[in-house]
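Counting from 1, the numbers follow the sequence of the chain as shown.
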Amino acid sequence: METSTCYRTWKTELWLTVRAEPSPRLQRWLDGLLHDEVDRLDVLASRFRPDSVSTRVSRNAGSWTEVPWDFVTVLTAALTAAEATDGLVDPLLGREIVAAGYDEWAGQESGVTAGRRKGDWRAIEITAGRTQARVRIPPQSALDLGAVAKGWLADRLALIAQSSTGFDAVANMGGDLRVVAPHDGWLVSADPDVPGVEPMSFEVQDAGLATSGVGHRSWKGGHHLIDPRTGRPADSAWSSVSVMAADAAGANAAATAGFVSGDDGPALVQSMGLDAWFIGDDQHSVGRWPQKSGSELVDA
């Protein structure tokens with residue numbers, strides 16, 4: 001038996017599920033947890049809220065901005081992803097994503113000027129303030145934490161749900177999944193959203209899974225995966241890259257880096273010691289990725 005809740009926002013569906021018999025009390029608790037955590041992250045990291053912490057930091061680029069420590073946790077996850085991918089997953093692509101046409105596709109206005117950033121992600125500074133933290137990003141740059149935020153949230157939700165209830169749990173934040181199922185493995189699927197390619201299913205106990213690709217977040221003349229080396233949508237050999245890692249944030253970062261890297265993607269993900277599925281004109285598996293649906297992939 002499973003109990004699930006769904007929050008439809010961010011142009012996607014966000015799911016949180018525990019392996020337990022449904023009850024009104026459990027359903028209310030799951031609903032509250034998912035909605036509270038999603039809304040909390042939205043206030044911290046949304047590019048489309050004029051009152052979000054991320055917007056304030058971008059608006060104040062070049063100067064110090066006081067921020068809550070919760071924001072530092074999300075920003076640190078983004079910086080960790082940047083370091084792990086040698087900058088291929090860059091938190092300072094706010095201006096580039098606007099220039100690519102994302103805001104127009106989303107039908108929302110971020111208030112960020114389209115263009116190229118002038119600073120490097122390594123120049124982002126974090127320090128303690130009087131009562132909160134302080135963050136400073138380079139002048140003429142803007143944050144975009146979307147590449148990591150959903151994976152970070154999936155990790156947080158699955159861990160909270162499992163530790164609080166004792167039940168196996170899975171969080172699926174629009175394709176970024178985190179499974180915490182110590183009692184019995186959970187069957188999950190990697191869906192590349194590529195015509196003619198069936199999803200790949202396998203069982204895991206404690207791991208993160210993420211897929212990056214053009215999928216439905218594309219439009220005439222572009223898509224949402226920006227290559228920081230060019231400032232433009234990545235010209236990739238792949239339509240979709242799925243990665244299994246220890247957590248969803250790490251899987252998301254590696255999948256995005258693998259996509260952006262193009263032909264070098266499989267070697268990059270292999271060097272990270274991860275399992276991956278690359279889909280382009282041909283299909284390519286890395287590490288222990290199953291060769292067929294239903295094969296078991298052991299704990300990440």
Side-chain angles (χ1 to χ4, degrees), residues 1-6 12-20 30 33-34 37 77 80-81 84 148-194 197-213 215 240-259 265-266 268-279 283-300:
M1 299 291 289
E2 296 177 0
T3 301
S4 295
T5 185
C6 178
T12 189
E13 293 185 349
L14 313 177
W15 287 88
L16 179 60
T17 304
V18 294
R19 186 176 282 144
L30 280 180
L33 175 63
L34 178 60
E37 290 295 324
T80 299
V148 173
K150 293 204 311 300
W152 175 88
L153 181 61
D155 292 326
R156 178 175 172 81
L157 283 168
L159 288 167
I160 291 174
Q162 197 282 324
S163 63
S164 298
T165 67
F167 301 126
D168 292 344
V170 58
N172 181 354
M173 300 295 103
D176 289 356
L177 285 81
R178 175 62 187 274
V179 177
V180 185
H183 299 118
D184 194 9
W186 204 301
L187 188 67
V188 298
S189 293
D191 186 355
D193 196 20
V194 174
V197 180
E198 293 297 320
M200 183 76 74
S201 299
F202 41 82
E203 189 175 276
V204 296
Q205 287 185 302
D206 187 354
L209 171 66
T211 298
S212 288
S240 172
V241 179
S242 298
V243 173
M244 178 75 70
D247 55 36
N252 180 289
T256 301
F259 182 93
L268 171 65
V269 176
Q270 188 169 31
S271 73
M272 300 170 75
L274 302 178
D275 311 307
W277 184 27
F278 288 77
I279 299 174
Q283 298 187 32
H284 186 83
S285 296
V286 172
R288 303 165 298 162
W289 192 273
Q291 297 303 305
K292 61 180 180 179
S293 188
S295 300
E296 183 174 348
L297 188 69
V298 297
D299 295 358

**Request:** Decide yes or no on side-chain contact (heavy atoms from CB on, under 4.5 Å) for Met200 and Trp277, but give the supporting numbers first.
**Result:** CA-CA 9 Å; Met200 183 76 74; Trp277 184 27; 3.6 Å; yes
**Message:** Applying side-chain contact (heavy atoms from CB on, under 4.5 Å) to Leu157 and Leu34, what does each step give before you reach the verdict?
**Reply:** CA-CA 7 Å; Leu157 283 168; Leu34 178 60; 3.7 Å; yes
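By the 4.5 Å heavy-atom criterion applied to side chains, Arg19 and Asp184 are counted as neighbours. By the 4.5 Å heavy-atom criterion applied to side chains, Glu37 and Leu153 are counted as neighbours. Annotation: side chain of Val197 is in contact with side chain of Gln283 (closest heavy-atom distance under 4.5 Å). Counting only heavy atoms from C-beta outward, the side chains of Asp168 and Val180 never approach each other to under 4.5 Å.
Atom NZ of Lys150 is separated from atom CG of Asp155 by 12.5 Å, given to the nearest 0.5 angstrom. The OG1 atom of Thr165 sits 7.5 Å away from the CG atom of Leu30 when rounded to the nearest 0.5 Å. Taken from CZ in Arg178 to CG in Leu16, the straight-line distance is 13.0 Å, to the nearest 0.5 Å. Separation of atoms OG (Ser164) and CG (Leu33) is listed at 7.5 Å; rounding is to 0.5 Å. Distance CH2/Trp15 to CE/Met173: 10.5 Å, rounded to 0.5 Å. To the nearest 0.5 Å, atom CZ of residue Phe202 and atom CE of residue Met244 are 3.5 Å apart.
Scanning both residues, Trp152 and Ala77, for their nearest heavy atoms gives CD1-CB, 3.8 Å. Closest of all the heavy-atom pairs between Thr211 and Pro192 is CG2-CA, 4.2 Å. The two atoms that bring Phe278 and Val286 nearest to each other are CE1-CG2, 3.9 Å, heavy atoms only. Annotation for Ala254 and Val269: closest pair O-CG2, 3.9 Å, computed over non-hydrogen atoms. The minimum heavy-atom distance linking Gly258 with Leu268 is given by the pair N-CD2, 4.4 Å. In this structure, Ser212 and Asn252 approach most closely via the heavy-atom pair OG-O, 4.1 Å.
With Ser163 contributing its side chain and Ile160 its backbone, the two residues share a donor-acceptor pair below 3.5 Å. Side-chain atoms of Ser242 never come within 3.5 Å of backbone atoms of Ala190 as a donor-acceptor pair (strictly under, hydrogens ignored).
Looking only at atom types and distance, the side chain of Glu203 has no donor-acceptor partner in the side chain of Trp186 under 3.5 Å away. Between the side chains of Ser189 and Ser201, at least one donor-acceptor pair of N or O atoms lies under 3.5 Å.
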